[in-house]
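To keep things clear, I will list the structure first and then write my remarks on it.
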Amino acid sequence: MNELKEAIKGGAFLVEDLDASRIFTPEDFNDEQKMIAKTTEEYVKNSVLPVVENLEHHEFEHSVRLLKEAGDLGLLAADIPEEYGGIGLDKISSALISEKMSVAGGYSITHGAHVGIGTLPIVLFGNEEQKQKYLPSSASGEKIFAYALTEPGSGSDALGAKTTAKLNAEGTHYVLNGEKQWITNAGFADVFVVYAKVDGDKFSAFIVEKTFPGVSVGAEEKKMGIKSSSTRTLILQDAQVPVDNLLGEIGRGHVIAFNILNIGRYKLGVGTIGGSKRALELAIAYTNQRQQFKTPISSFNLTKNKLATMASKLYATESLIYRTVGYFEERMSQLSPEEQKDGKAIAASIAEYAIECSINKVVGSEVLDYIVDEAVQLHGGYGFMQEYEVERLYRDSRINRIFEGTNEINRLIVPGTFLKKAMKGELPLLQKAAGLQEELLMMMPEEVGTEALAQEKVLVANAKKIGILVAGLAAQRFGTKLEAEQEVLVNIANIANNLFAMESAVLRTEKAIGRDGEEKAAQKLLYTQIFTQEAFIEIEQAAKETLIAAVDGDNQRMMISALRKLTRYTPYNVIEKKREASVKLIEAEKYVL
Amino acid sequence: MNIYVLVKRTFDTEEKIVVSGGKIQEDGAEFIINPYDEYAIEEAIQVRDAQGGEVTVLTMGGEDAEKQLRTALAMGADKAVLINIEDDVEELDQFTAAHIISEYLKDKNADLILAGNVAIDGGSGQVGPRVAESLGINYVTTITNLEINGTTVTIKRDVEGDTEVLETSLPLLVTAQQGLNEPRYPSLPGIMKAKKKPLEEVELDDLDIDEDDVEAKTETIEIYLPPKKEAGKVLEGELADQVKELVHLLHSEAKVV
C-alpha cells in the first residue's frame, strides 16, 4: 500500500458506503503471506497435533519446547520489530499465523497469549530499554510471556482491580500485592505484564518476572476446554518490581489495558476462523463417510442445508475479519517511524477500530460456537466421544464468548462507542438521521436490478438506514439514560454486527466478481446471498423490538411502517440456494470458495 | 561444492484430479514442489551446510513455477533458475525436459545434482537419469542416505524395500527416495530472505536450443481417470459353490484370469 489513502474511520460502515476496492479480502493474500500461512499449518500439523493428547493432560514441558520451536521458525516474531530481534511482519501475515495456529486448540491460546497480550504491551508501550531487554527473548521463545489483568473480584470491570503497588522507601522498587486470576501461560511463563494500582488508586502496568522475590503461581485450574493451555493464579506477596519495570506512565495503565483488549479481541476473531474451518471440514468429511439407510448422510437435504449454513456464516465472518485486518494494516503501515515508537499514536490507531474489534470478537466467537455445535450434531453420538476431534473443538470453543470481555460487554461497547463518536462529530450519525426520517416518509419501493449482488446491495443499504433510524430514535428517547437500556443497546449491536458481516461479504464478493468474473465467484455469490438474507431477517427483528421500546403512539405506528418499507423485498428460495452451495462443499470435503 | 537441485511444480497431493476435454484441469488447483524433490532440496541444503558451497534450484516450466522456486529459496537454497518454456514448447516429455536441463547444466560444473526419485504427476522417474547420461556423470537413483568424503560418496539406496550400499564419486547425480531426510518447512526469516535471493530466468534462445530439437519423442493418446472403485462383493452359500462362483467372476467380470 504505497499510496497514502485517507484511512477508513472506525465505525464508518454504519453510516457510510465503501467501495469494494477499499477492503482487504482473503483473495488478496500475496505469495509470501501464503507461504507464511503454509509454514504455520505445517508446524501445527507436524509438531503440535501429534502431542495434543499430552498437552490436554497438562504435560506443559511440550508447550515450552513447542514455543521454542515456533521461535526458531519465526512464528513468535511477527509483531516484533527487527531491531528487537523480531521480523516486523505486516498485520495480514500476523493474522494468518493466528488463524492457522488456532487449529492447535488450547496450544493456540498459549501461543496467542505469548505473542499477543503478553508481549504486545511491551512492543507498543515499552520504553527503549524495556524493548531491548525483553523483546528478543520473546521473539526467540527463550522466555515465555503472559498477561495478568483479571482478578477474582474484577473481570469485566477491569479497572476495579484490587492489586496494589507501593514505591518502597528507597525508591528502587514497587512492592506489589494482590492476586491475578486465570492467567494463561502462568504455569511456565517467565514474564508477566501485571496491572496494579499505585497507592491504591493509580491504575498502572508493570513488567514482572517470575524470579522477582514475592512472585509465585497457584495450582493449575481444571477447565471445560482449552485444556492444552496452562491457567493459574499469579500471586504477588510483597513482590519486588524494579522501578524501571513500570510500563507506560503511572495512572495510565487503562490506556494499555484497553488497547491490548482491543487487539486481543481482534486476534481472537481471527483465531475463530481457523477453528471454524477445521470444524466444518471435520463435519463434511464425517457426513461423507458415515452411512445410514445405506446412504452417506451428506446426501440428505437436511445435512446439505446445515453444511451450507455453516459455510455461509463462515464466509461472512472471514470477510469481516480480514476486512478489519486490512484496516489495521493500512493504518499501521501509514504511521511514521516516530509515530511507531509513540505509544499514544499507536493507541489512537488501535482505539479507532474499537467497534470493529468488538464485532470481530462477538461474531467470530458466536459463529465458531454455532459451527462446532452443528459439527458435533452432524457427528451424532460419535461427536460426543472424545476419540473424535470435534468433541475437543466443541469444548475449546466455548471460552471465546467469555474471555477478552464477554460478548455482552462487547455488544454494549459497539453502540456506546458509536454514539460517542457521533456526539464528537467524528461520524455523521446525526446528519444522516435527520435526513432519513424525511426520506422514509417519501420512500418508494426501489426497483431491484437483476445483476449479481443487486438485491444484496439494496439489503445492505436498507440495513444501514434501519441502523441509523433505530440508533437515532433510541438516542432521542433515552438521551443520557441510554446506558441503562442495555436491551436496546444490544439490539443495536446486533444490527451493527449483522450489517458489518453482510456488507463485508457483499464487498468481498463484488471484488472477486470484478477480478475473476461471475462464474468463478459463483460459490462466493451463493454464500453471500444466503447470509445476507438471513442476517437481514435478524436485523428486522432487532429493529422492530427496539422501535416498540423506544417510540410510542402514532409515532410508533409511523416508524413501524417505515421499517416495513425498508424491509420489503422478494426473498430467494434459500432452501434451494443452500442445496446448491452444499454441492461444492461435499465434493471438496472442506470449506471451499 | 556446486550443487544443483532439479525441481518440478506438481499438483498438490490433496487435489482431486478432474479430466475434461482430454486434459487435466488445472483451474483453481493448488500446486506444490514435487514431494520427492523436497527431499532433494533438503539434502542439498544439508550437504552445503556441512561442506560449504552453493545450492541452486532449477526448474523448467512457466512463470507460475516461480512460486515453487521461491519456496525452495525460503527453505534455504541460494539461487534459483527458471527455464521458461511457456512460449516455446507445447508438448513435452521426459526427453524434452532432460535435453533442455542438460543443455543448461553442461557448462555449470556441478559437483552434485539432486532430483526427486519420481514426480508424483508423470511418475516416470526418467529425467534425472537422462540428465546424468547426457552430462556423462554417474548417477544413483532412489537413495535413502548420502555421505560425502572428499570426492568419495557412500550411498544407501532403496531397492524394493531392501537397502543397497554403494560407493561412487563426484560429480554425481542422485534421486531422492522417501526416508532420505525430513524436509524442513520455510521459516519466516527464510521466507523474507527469499524475496531478495537471485532468481534467474532463461529461455530456449538463451540456451541455443531449437524448438524442433526438443520435440517430444512420445505421444499422449488419451488421458483418463482410473475406474471408480466399486463396492466389494461378499459371496454366500456353500464353500464349494463360492469358489466356483469366484472363478467364474474372475473370468467373466473382472477378466483377470
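Quick note on labels: first sequence line is chain A, next is B, and so on, each numbered from 1. Atom set for the values below is all heavy atoms of this structure, side chains included, hydrogens, waters and symmetry mates excluded.
- Below 30°, between 30° and 60°, or above 60°: for F31(B) and F11(B) the angle between ring planes is above 60°, a perpendicular geometry.
- Side chain to side chain, K267(A) and S94(A) meet the donor-acceptor criterion of an N or O pair below 3.5 Å.
- Of all residues spanning residues 63-79 of chain A, those with a heavy atom less than 4.5 Å away from chain B's heavy atoms are E69(A), D72(A), L73(A), G74(A), L75(A), arranged by number.
- In this structure, K584(A) contributes its side chain and L593(A) its backbone to a donor-acceptor pair below 3.5 Å.
- Residue R184(B): no heavy atom, backbone or side chain, is found under 4.5 Å from chain A.
- When heavy atoms are compared at a cutoff of 4.5 Å, I36(A) approaches chain B by way of both its backbone and its side chain.
- When each of R515(A), K34(A), R508(A) is tested with E27(A) by the rule salt bridge (charged side-chain N to carboxylate O under 4.0 Å, His left out), just one qualifies, namely R508(A).
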Checklist entry - Does the side-chain contact (heavy atoms from CB on, under 4.5 Å) test come out yes or no for K156(B) and I143(B), once each step is laid out? => result CA-CA 6 Å; K156(B) 285 184 185 152; I143(B) 72 161; over 6 Å; no

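- Classification of the F300(A)-F293(A) ring pair by plane angle, with boundaries at 30° and 60°, yields perpendicular.
- Using cut-offs of 30° and 60° on the angle between ring planes, the pair Y104(B) and Y4(B) is perpendicular.
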